[in-house]
Amino acid sequence: MNRKIFARTVAIAGAAVLGLISGAFPVQAQEFGPPELIAAAKAEGKLVFYTANFAEVEQLVIKQFNKRFPEIKVEMVRAPGGQLITRVRTEAAAGKLIADVVDHSDRGLMLPMEDMFQDYTPPNAADYNPDALISKKLWPRATIAWSIAYNTELVKDPPKSWMDLTKPEYNKLTGQVFAQSGGTTWTRIMFERQVLGEDYWKKQAATRPVLYPSGAPMADSLVRGEVAMGPLLYNVIYQKKKDGAPVGIFFPPEGAPVNPYASGIPKTAANPNAAKLFLNWCLSKEGQTFMIKELGNLTSLKEPPAYPEGFDPKVVKVWYPKFEDYVKLQATWVAEWDKTFGYRQ
């Protein structure tokens, strides 16, 4: 640490301690970590955030974090799931991993890399659902749910359930994100087979859906009217609806498959305190409430502070994949899905 940064750290830490002594340190801020962590994070002043989530929604998260902590610049690097894992492994092997936080949708790909991450426990760790955790080093900062969306200008008799997407009347009208696109989609196709039945894929493939590499281009196509309906991650299509697009969205009564992310701090992080503060804020009640209300996420907190628009917990059951199945079945079932839908790389 150079003299300038050291002096700034001491000054900020001193101010924080004085605040505690005088009782001026906000109680809410303590949810984000002790004063010395916050001071050290501000002294670092930045962090590099690798994520497989959609850039559009993560930019909103960063903007909200900076309302609370404007002193910390967040540099986001976004890539699709497979590419992000390759990048992390390649950089780590070369000793050049620059990420301070790695945030990924596929917990099955993150768990084998567990030793790459440092020990980290958020202040409210006990408040999280154990089913959403695969490691004490990797935390579910984002919990994303699947919904069904449709273009309201094209569909006057919208589907009302997952099974409705197999109706012959919707032939060539639906879209689908293909199975190999990442952990969120793998969760959805697990749900389809385990909850809706082994012949669900066959029934839906018979309607000849348009296949997409991820939810972002499919959401754009739906808004443009190139497809009329289909399964979409709620947080992706919800932003379009908020912006005035002709979109209807609902959580089907058979269940809402959810995919908790895995987020951790590499042992090589150059800005570990800023990384902890960022994750602490994201995992706090304040951060989770923002992601629920503004982005349309769900949460892996045992007691959700809110629900996204249109989600009624008395009607819709949240469905978590069994992690053992999530890892064990993926290769075989994805290959079967590809064959059923006629998808080739």
Side-chain angles (χ1 to χ4, degrees), residues 1 9 13 16 28-53 58 61-62 64-66 68-69 71-77 84-85 87-89 91-92 95 97-144 183 259-288 290-291 297 299-302 323:
M1 184 182 296
T9 302
Q28 188 178 27
Q30 296 178 47
E31 297 178 4
F32 312 135
E36 56 269 27
L37 170 69
I38 296 174
K42 291 180 178 178
E44 290 171 353
K46 67 176 184 179
L47 67 100
V48 179
F49 175 48
Y50 280 18
T51 182
N53 202 1
E58 290 300 346
V61 173
I62 292 168
Q64 190 68 17
F65 170 73
N66 280 146
R68 174 69 72 177
F69 299 106
E71 307 88 345
I72 300 172
K73 179 182 178 182
V74 181
E75 179 183 335
M76 180 174 67
V77 176
L84 187 65
I85 288 292
R87 176 168 181 160
V88 170
R89 286 175 174 164
E91 290 184 357
L97 179 61
I98 62 171
D100 296 303
V101 173
V102 176
D103 174 61
H104 204 281
S105 59
D106 194 326
R107 295 177 298 159
L109 293 177
M110 288 288 280
L111 186 58
M113 300 164 57
E114 179 185 25
D115 289 343
M116 187 185 299
F117 294 89
Q118 60 181 264
D119 292 337
Y120 162 69
T121 304
N124 60 343
D127 297 336
Y128 272 84
N129 185 342
D131 291 341
L133 297 175
I134 56 168
S135 164
K136 292 182 179 178
K137 297 181 179 183
L138 303 170
W139 289 83
R141 64 172 287 278
T143 300
I144 310 300
N259 185 64
Y261 274 46
S263 306
I265 303 169
K267 291 177 180 176
T268 54
N271 303 289
N273 296 296
K276 289 178 182 176
L277 182 60
F278 179 66
L279 283 184
N280 286 353
W281 180 84
C282 290
L283 290 158
S284 72
K285 187 175 180 180
E286 177 179 297
Q288 292 292 296
F290 173 79
M291 293 187 211
N297 288 7
T299 180
S300 291
L301 284 167
K302 295 174 185 174
F323 188 66

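Every value quoted in this text rests on a predicted model; they were computed, and no experiment measured them.
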Kindly say whether [Y] contributes a backbone atom to a donor-acceptor pair with the side chain of [X] at under 3.5 angstrom?
X	Y	result
Tyr50	Arg87	no
Asn124	Asp127	no
Asp100	Ala275	no
Asn53	Ser105	no

Can you say whether the rings of Trp281 and Phe290 are parallel (under 30°), tilted (30 to 60°) or perpendicular (over 60°)?
tilted
Run the side-chain contact (heavy atoms from CB on, under 4.5 Å) check on Met291 and Cys282 step by step: do they pass?
CA-CA 8 Å; Met291 293 187 211; Cys282 290; 3.7 Å; yes
Heavy-atom side-chain contact between [X] and [Y] under 4.5 Å:
X	Y	value
Phe69	Leu277	yes
Lys137	Tyr120	no
Ile134	Glu114	no
Thr143	Asn297	no
Tyr261	Pro140	no

Above 12 or not: heavy atoms from other molecules or residues under 6.0 Å from NZ of Lys302?
yes
Would you say NZ of Lys267 has more than 12 non-hydrogen atoms from neighbouring residues, nucleotides or ligands within 6.0 angstrom?
yes
Regarding Thr299 and Gln288, is there a side-chain donor-to-acceptor distance under 3.5 Å anywhere?
yes
Audit row: Leu301, Tyr128, side-chain contact (heavy atoms from CB on, under 4.5 Å) steps and yes/no
CA-CA 4 Å; Leu301 284 167; Tyr128 272 84; 3.3 Å; yes
Taking only residues two or more places apart in sequence, or in another chain, which ones meet Arg141 in a side-chain hydrogen bond (donor to acceptor under 3.5 Å, both in side chains)?
Glu58, Asp103
